[in-house]
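What follows is one structure encoded as structure tokens, with my remarks underneath.
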Amino acid sequence: QLKDDSQISLLTRELENIGIRLNRSPPDVGFTRTKGGGLRFNSTVPLPDFDKDACQTILHQYRIFNADVVVREEITGDDFIDVIDGNRKYCKVIYVYNKADMLPLKQVDELARRPNSVVISTKQRL
């Protein structure tokens with residue numbers, strides 16, 4: 001665990017707060033407002049953390065009382081809010097660690113094995 005891991009988590013949290021989701025894809029949820037009929041909720045997968053009541057509670061907070069919702073993957077309430085808002089951006093990220101020549105080889109190896117990570121050194125042209 002590097003001390004600079006806190007920078008990654010801090011930046012990730014800041015980007016999440018402004019609606020940018022890193023290394024994630026949009027939730028596979030169909031959401032359509034309807035004129036009437038209340039809430040029609042269907043799921044094609046088991047949902048341990050999200051159910052019709054949770055869906056209805058979130059929709060009521062947005063003053064939406066009639067909607068068709070189809071959930072095709074396991075989601076959380078926050079994922080569903082992202083679907084309702086519809087203004088989130090989903091981006092792939094590569095973490096680049098510079099000045100690798102200043103680190104011990106073991107630490108460079110650990111960084112290089114992390115997902116979405118690249119270790120470089122411009123001084124040694126690595």
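Quick note: numbers below take in every heavy atom, side chains included, and nothing from hydrogens, waters or symmetry partners.
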Pairs in or reaching into [range]: which pass salt bridge (charged side-chain N to carboxylate O under 4.0 Å, His left out), with residues at least two apart or in two chains?
range          : answer
residues 65-79 : Arg24-Asp79, Asp28-Arg72, Arg40-Asp68
residues 54-65 : none
residues 85-95 : Asp82-Arg88, Asp85-Arg88

Requested in this report: State yes or no: do Ile94 and Ile120 share one hydrophobic cluster built from I, L, V, M, F, W and Y residues joined by side-chain heavy-atom distances below 4.5 Å, directly or via other members?
Outcome: yes
Requested in this report: Would you mind checking if Lys106 and Glu110 are paired as a salt bridge, meaning a charged N to carboxylate O distance below 4.0 Å?
Outcome: no
Requested in this report: Would you please name every residue forming a side chain to side chain contact (heavy atoms under 4.5 Å, CB included) with Thr12, sequence neighbours left out?
Outcome: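 Testing Thr12 for side chain to side chain contact (heavy atoms under 4.5 Å, CB included), a comparison that skips the adjacent residues, returns Ile8, Glu16, Leu22, Tyr95.
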Query raised in the report: Among all residues two or more places apart in sequence or in another chain, which pass the side chain to side chain contact (heavy atoms under 4.5 Å, CB included) test with Asp109?
Result: Arg113
Requested in this report: Mind checking the OG1-CG spacing from Thr34 to Asn66? Nearest 0.5 Å is all I need.
Outcome: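 It comes to 4.5 Å.
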Query raised in the report: Does CG belonging to Leu10 count more than 12 external heavy atoms closer than 6.0 Å?
Result: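 Yes, the 6.0 Å shell around CG holds more than 12 heavy atoms from other groups.
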Query raised in the report: Apart from Ile58 itself, what residues make up its hydrophobic cluster when side-chain heavy atoms of I, L, V, M, F, W and Y under 4.5 Å apart count as a link, directly or indirectly?
Result: Val29, Phe31, Leu39, Phe41, Val45, Leu47, Phe50, Leu59, Tyr62, Ile64, Val69, Val71, Ile75, Phe80, Ile81, Val83, Ile84
Query raised in the report: Taking all non-hydrogen atoms of both residues, which atom of Pro27 and which atom of Tyr90 are closest, and how far apart?
Result: CD-OH, 3.3 Å
**Report entry** Asn116 vs Val93 side-chain heavy atoms within contact, under 4.5 Å
**Finding:**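 They are not in side-chain contact.
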